Amino acid sequence: MKGIPNFWMALATQRQPATGLLLCLSLGIWLAVSCKHSAGDEAVVPTQPAFTTTPYPWKKPANFPDPVYDLTKNPLTVEGVALGKALFYDASLSKDGTITCAFCHSPYTAFAHTDHPVSHGIRDQQGNRNVPGIFNVAWGKTFFWDGGVTDLDLLPIAPIQNPVEMGETMSNVLQKVQRSSRYRPLFQAAYGSDTVTTERFLKSISQFLLTMVSANSPYDKYVRKEAGASLTDAAGRGMVLFQANCAGCHAGALFTDGQYRNNGLPRLTNAKIDDRGRAMITAQDADKYTFKVPSLRNVERTFPYMHDGRFQTLEQVVNHYAAGIQDNPQLDPLLKKNGRIGLSLTAAEQADLVQFLRSLTDSEFITNPEFQPR
Amino acid sequence: MRRLYFVILLLVLLAACKSTTVDQQVGAVNMSFVHQVNGSPLTLNTTTYTNKSGEAFTISKFDYFISNIRLIRADGSAYTVPQDDSYFLIRSNDPTSQTFTLTGVPAGDYAQIEYMVGVDSLRNTADISRRKGVLDPGSSHTSGMYWDWNTGYIHLKLEGTSPAAPVDATGARNFRYHIGLFGGYQSKTINNLRTVRVPLGISTGTSRLSVGPNLRTTLQIIADAGKLFDGPTPFKIADYPDVMVSPFSGNVANNYATMFSFGFSSAVSQ
């Protein structure tokens, strides 16, 4: 003990007083750390066989904000994405082996479902809500029409355990995946061992979902001023109308502000349930009958529309904003400006708005073979 | 100057090594939760109980999370059980879940125990990598205590039957209380987390639980499910047969927050 301080003292005297102080402190801290180590358990060097993964080249589109999802807690790898894709297309995630995630979220319709107003699950059971498309989930603050799911990693548990969707339990699914010889090499490649854990299972599905970035519609190319990009005259006029009338809610590059709002849909008399939207999550009166503002990207392909799938065409939707809005205590102030219920849009303006919405279709995304089953 | 550096160095060294070289005396507490209804033992399904509103009922399920445990000394100072070891799921149909041992408790006398009924908001919003054991939403015993459609754990569940409950879709007269909600993630929800303190003795003044390296310390807490109906805001099953995500859930949480009491404790030298 005696020799060490003397050596440092000698060094210290040749330097500025502050440096000496610093040296003493750093030595102290160094000793402190080593002291902790020797008193506690010895560090064990893991002897796992080295395995390597290939980073997945995930890129933020130039006209997009920073993602919400923390990619550092689940770094995307080619192997992890491949595993997630296999799970997304696997019917054994459902109780009776009939339903995959893709059954409801078809890659050919921007991962929406266009056959029914509300979802269809095992044994032909109907759900309560329209299936939204899946894209740009990296920017999602919350998920579902009511924002009930707050973390993408936890999302798959909901459809898997929903009795009218996949009707399984998470623990059964994990066991099935663990038993399947098909998954052993996939888990090995993604995680260096074939052990199936809740975290690995969920994070690999997230990885696949996170690769679903849609940012190459004619509109995107136009705003990024890419060579040869342009909008039709009608779509151009529609864009101006959209900025004035719709962008207060369908805001920014993602076409949603992520908030919960009421857009004046009249109550359907034949509705199966009284869907109170956000209030079913928060139990707050102010949230009654509000729903998350949906993105409008690829909206041409993701019919039917609204949380209950009540509208079949974009013309019907735009006409709703012009002529169909019903006043109610929750109606959003943006749709009740100057005492007028709804937006004033002529027939020609409505047609232009629809043309603008069609310019949000990203065919590269919809036809990308990376997303399709093989 | 030199001397000053040397003193500083020594102080830093001392501070660093003190905690590891001086062994703190610790002990263990064997905890158990015993379930009652209005003072009688809880028997699932077969025994009929009556609440203060005069409604007969049976109980089929009574499960709840206990977390963030602290042992509080008479002077108000406390030992906090390390976060990662402080989550327990007590299930009425699983006796092994009703007992657990707190280890590494600093030796001394404690006057009260404090814990949360439910899972705190931090853990409720944690990354999946931090949801292990009873918090793993993929494990069979946790399923049922986790809302996948409204991200969050169910703090407490009480289910059963009563002639006072209306006939439900299955044709039975069931009641269900699933109480969750921790205050919300990005926007506000109601908060049904409740922190309770139980004196470790019959009266607050004399309560004392001794812990030490040579002691076998046992602590039994009683949870009386009847309080869920007959707490500070008594209610009828007929009026509220089914409470989940609704403003009334706050009253149910206030009621069950009063259900815990001291059973017995002992500290035997070993």
Side-chain angles (χ1 to χ4, degrees), chain A residues 1 5 8-9 12-13 17 20-21 23-25 27-29 31-33 35-36 38-40 70 73-74 141-144 146-151 153-162 169-174 197-199 201-203 258-260 278-285 287, chain B residues 1-23 124-132 135-144 146-152 179-181 183-192 243-250:
Chain A
M1 180 62 103
W8 284 92
M9 291 282 81
T13 47
L21 183 75
L23 277 169
C24 270
L25 275 174
L27 176 67
I29 289 165
L31 278 171
V33 170
C35 174
K36 260 231 176 80
S38 53
D70 181 359
K73 67 170 191 174
N74 186 15
K141 293 185 197 119
T142 60
F143 303 93
F144 289 5
D146 53 21
V149 174
T150 52
D151 182 343
D153 295 342
L154 299 167
L155 190 143
I157 309 173
I160 287 172
Q161 299 199 147
N162 189 327
T169 64
M170 266 300 284
S171 58
N172 275 353
V173 168
L174 294 175
T197 66
T198 312
E199 182 183 356
F201 173 90
L202 293 173
K203 283 193 169 168
Q259 298 301 307
Y260 307 91
R278 181 70 182 153
M280 293 167 74
I281 299 303
T282 64
Q284 305 276 313
D285 275 349
D287 294 330
Chain B
M1 236 355 174
R2 274 184 195 198
R3 210 158 283 155
L4 178 66
Y5 292 151
F6 191 64
V7 170
I8 290 174
L9 177 62
L10 269 182
L11 281 177
V12 172
L13 274 175
L14 270 174
C17 289
K18 195 182 158 206
S19 57
T20 41
T21 46
V22 181
D23 242 339
N124 241 313
T125 52
D127 186 78
I128 181 69
S129 58
R130 303 204 52 216
R131 299 167 183 256
K132 299 281 188 244
L135 298 179
D136 181 351
S139 86
S140 55
H141 66 156
T142 309
S143 71
Y146 175 77
W147 274 330
D148 48 47
W149 52 274
N150 189 357
T151 311
I179 311 300
L181 299 184
Y185 185 46
Q186 286 148 332
S187 61
K188 196 169 162 275
T189 70
I190 52 176
N191 185 344
N192 287 327
V243 181
M244 292 207 257
V245 181
S246 74
F248 193 78
S249 61

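As a basis for the values below, the full set of heavy atoms in this structure was taken, side chains included, without hydrogen atoms, waters or symmetry mates. These numbers come from a predicted model, not from an experiment. Order of the sequence lines fixes the chain letters, A, B, ..., with proteins taken first and strands second; residue numbering starts at 1 for each chain.
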Asks: Which atoms form the tightest heavy-atom contact between B/Asp127 and A/Lys73, and what is the distance?
Replies: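 Minimum heavy-atom separation between B/Asp127 and A/Lys73: OD1-CD, 2.9 Å.
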
Asks: Which atoms of A/Ile281 are under 4.5 Å from chain B, going by heavy atoms: the side chain, the backbone, both sets, or neither?
Replies: both

Asks: Let me confirm one number: the CG-CG distance from B/Asn150 to A/Asp146, rounded to the nearest 0.5 Å.
Replies: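 With rounding to 0.5 Å, CG (B/Asn150) is 7.5 Å from CG (A/Asp146).
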
Asks: Would you compute the distance between atom OG1 of A/Thr197 and atom CD1 of B/Ile128 and round it to the nearest 0.5 angstrom?
Replies: 8.5 Å

Asks: Give the minimum heavy-atom separation between B/Pro247 and A/Ala283, together with the two atoms involved.
Replies: CG-O, 3.7 Å

Asks: State, to 0.1 Å, how close A/Ser171 and B/Ser139 come at their nearest heavy-atom pair, and which atoms those are.
Replies: CB-C, 4.1 Å

Asks: Just one of B/Arg130, B/Arg131, B/Lys132 clears the salt bridge (charged side-chain N to carboxylate O under 4.0 Å, His left out) bar with A/Glu199, so which one?
Replies: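 Single pass found, and it is B/Lys132.
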
Asks: Considering only heavy atoms from C-beta outward, does the side chain of A/Met170 approach that of B/Asp148 to under 4.5 Å?
Replies: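 When only atoms from C-beta onward are counted, B/Asp148 and A/Met170 do not touch, as no gap falls below 4.5 Å.
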
Asks: Please look at B/Ser129 and chain A and tell me whether the side chain, the backbone, both or neither of the residue comes under 4.5 angstrom of a heavy atom of that chain.
Replies: both

Asks: Tell me, for A/Ile157 versus chain B, whether the close heavy atoms (under 4.5 Å) come from the side chain, the backbone, both or neither.
Replies: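 The answer is both parts of A/Ile157.
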
Asks: Between A/Lys141 and chain B, with a heavy-atom cut-off of 4.5 Å, which part of the residue counts as in contact: side chain, backbone, both or neither?
Replies: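 Backbone plus side chain of A/Lys141, per the 4.5 Å heavy-atom cut-off to chain B.
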
Asks: Between B/Leu181 and chain A, with a heavy-atom cut-off of 4.5 Å, which part of the residue counts as in contact: side chain, backbone, both or neither?
Replies: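 Side chain only.
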
Asks: Does the B/Thr151 side chain pair with the main chain of A/Thr150, one donor and one acceptor, at a distance under 3.5 Å?
Replies: yes

